[in-house]
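Residue indices begin at 1 and follow the sequence shown. Heavy atoms only: backbone and side chains are in, while hydrogens, waters and symmetry mates are out.
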Amino acid sequence: MEALQREYESLLDAQHFDAGELDYSVLDRHIARLTLLARVANSGISVFDMYRRRHVFASYNFAELFHYDMEGIATEDAAYFSRHIHPDDLWTLHRNGIACMRYLLEHKELAPDMKLINEYRVEACGRYVRVIEQFQVLEFDRRGNVWLSLSMLDVSPNQGALDGVRSQLLNFRTGAVVPFPFPAESGRESQLSGREREILRLIGQGKLSKEIAGELAISVHTVNTHRQRILEKLNVDNSMEAVRYASVHGLLE
């Protein structure tokens, strides 16, 4: 997660805001409308400020819909929302969010018409429920930076045995869908050598370096060297994140 967080911060750093040009009266007008929308649509609605790098609005009904602590949201901000996401879904959501952000920054002409739709699991009332979250740009600043982003969170009709993350980037004007992972993301696993793929599959089976070394008839040092290179190539912090990435991309099959 640390590598993803660094990547996310670098994307935010690529945008250069002028605080004097940001008119927060625009946000006040949005909040009035979004509060009404939350009541009518019965959705949890929030607004994230890319300049302040924090949520500047969270609708009152997060408490009613998901039993979230509103004071906790105000105090912990994004960490509070992340803490309630199923741990098996969190890494993939962060990865897809970063990929979406990069896509929007590279295709700003399309950004006003794009919506990221994620389906995943959150903890509510002591159990996990599937939710659908829709993200879109709410406001750009005068320089064209993505300034305010809107999130709408609803309980998904898809409950039961369905698990994992489902994501798609939708152009809601044309109906075109950009599938996940994006080509830029899916290229990472192609950098792995055959031996690295083999070791990654064994890691996914829960085997330790010593066991892998014995099975492949190589030294433990060689296994650990391959493990380090796998982390570097996939841009992840540890073997657990590497296995999650590999699972999403079918590398463990």
Considering only heavy atoms from C-beta outward, does the side chain of V223 approach that of I218 to under 4.5 Å? yes
Taking the six-membered ring where the residue is Trp, are the ring centres of Y80 and F62 under 6.0 Å apart? no
Using the test side-chain contact (heavy atoms from CB on, under 4.5 Å), find all partners of T174 that sit at least two apart in sequence or belong to another chain. N171, A176
Would you give the length of the straight line joining atom CG of L37 to atom OG of S43, rounded to the nearest 0.5 angstrom? 6.5 Å
With side chains defined as the heavy atoms from C-beta onward, is the minimum distance between V155 and L65 less than 4.5 Å? no
Tested for side-chain hydrogen bond (donor to acceptor under 3.5 Å, both in side chains) against E196, the lone hit among K233, R227, R229 is K233
Quick one: CG on L138 to CG on L34, what's the gap to the nearest 0.5 Å? 6.5 Å
If you look only at pairs with a residue in residues 60-70, which of them pass as a side chain to side chain donor-acceptor pair (under 3.5 Å), with sequence neighbours excluded? S59-N61
Side chain proximity check, I31 to V47, heavy atoms < 4.5 angstrom: no
For A124 and V129, which heavy atoms make the closest approach, and how far apart are they? CB-CG2, 4.2 Å
State whether D13 and R6 are salt-bridged, where the test is any N-O pair (Lys NZ or Arg NE/NH1/NH2 against Asp/Glu carboxylate O) under 4.0 Å. no
In terms of relative ring orientation, are Y103 and H107 parallel, tilted or perpendicular, with 30° and 60° separating the classes? parallel
Sequence neighbours excluded, which residues qualify as side-chain contact (heavy atoms from CB on, under 4.5 Å) partners of L231? Q228, V236, A242
In chain order, what residues pass the side-chain contact (heavy atoms from CB on, under 4.5 Å) check against H16, with sequence neighbours excluded? none
Can you list the residues that meet the ring-ring contact (aromatic ring centres under 6.0 Å, His included) rule with Y51, with sequence neighbours excluded? F17
Roughly how far, to the nearest 0.5 Å, is the CD1 atom of I98 from the CD atom of E7? 4.5 Å
Taking only residues at least two apart or on different chains, which pairs with a member in residues 118-145 satisfy ring pair (Phe, Tyr, Trp, His ring centres under 6.0 Å)? H86-Y128
Considering only heavy atoms from C-beta outward, does the side chain of N118 approach that of I132 to under 4.5 Å? no
Is it the case that S219 and T222 place a side-chain donor and acceptor less than 3.5 Å from each other? yes
In chain order, what residues pass the side-chain contact (heavy atoms from CB on, under 4.5 Å) check against S149, with sequence neighbours excluded? F48, M50
Verify whether one side chain among H30 and E139 offers a donor that lies under 3.5 Å from an acceptor in the other. yes
Taken to the nearest 0.5 Å, the spacing of L150 CG from K115 NZ works out to 8.5 Å
Connected via hydrophobic side-chain network under 4.5 Å: M240 and L93: no
Rounded distance [0.5 Å steps], CZ in R166 versus CG in N96: 11.5 Å
Quick one: salt bridge (Lys or Arg N to Asp or Glu O under 4.0 Å) pairs with a partner in residues 79-90, sequence neighbours left out? E76-R83, D88-R244, D89-R121
Between E119 and E133, is any pair of side-chain heavy atoms under 4.5 Å apart? no
Would a distance-only check, ignoring hydrogens and angles, find a side-chain to backbone donor-acceptor pair under 3.5 Å from Q159 to R130? yes
Salt bridge (Lys or Arg N to Asp or Glu O under 4.0 Å) contacts touching residues 103-114 (sequence neighbours left out): D113-R173
Distance-only criterion, 3.5 Å: show the donor-acceptor pairs between side-chain atoms of residues 21-28 and protein atoms not counting sequence neighbours.
| from | atom 1 | to | atom 2 | distance (Å) |
| --- | --- | --- | --- | --- |
| E21 | OE1 | R143 | NE | 3.1 |
| D23 | OD1 | S25 | N | 3.1 |
| D23 | OD1 | S25 | OG | 2.5 |
| D23 | OD2 | S25 | OG | 3.1 |
| Y24 | OH | D49 | OD2 | 2.6 |
| Y24 | OH | R52 | NE | 3.3 |

Looking only at non-hydrogen atoms, find the nearest pair between L11 and R102 and report the distance. CD1-N, 4.1 Å
Could you identify which residues cluster with L36, counting Ile, Leu, Val, Met, Phe, Trp and Tyr as linked when any side-chain heavy atoms lie under 4.5 Å apart, either directly or through a chain of such contacts? V40
Give a yes or no on whether a salt bridge exists between R195 and E198, defined as a side-chain N under 4.0 angstrom from a carboxylate O. yes
Counterpart residues, salt bridge (charged side-chain N to carboxylate O under 4.0 Å, His left out), relative to R54 (two or more places apart): none
To the nearest 0.5 Å, how far apart are NE2 in H55 and CG in L148? 11.5 Å
Cluster overlap L208 with I230, hydrophobic side-chain contacts below 4.5 Å: no
Are L169 and V177 side-chain neighbours, meaning at least one heavy-atom pair lies under 4.5 Å? no
Heavy-atom distance under 4.5 Å between the side chains of Q15 and W147, does that happen here? no
More than 12 heavy atoms of other residues, nucleotides or ligands under 6.0 Å from CZ of R127: is that the case? no
Mind checking whether E215 and K207 have side chains closer than 4.5 Å, heavy atoms only? yes
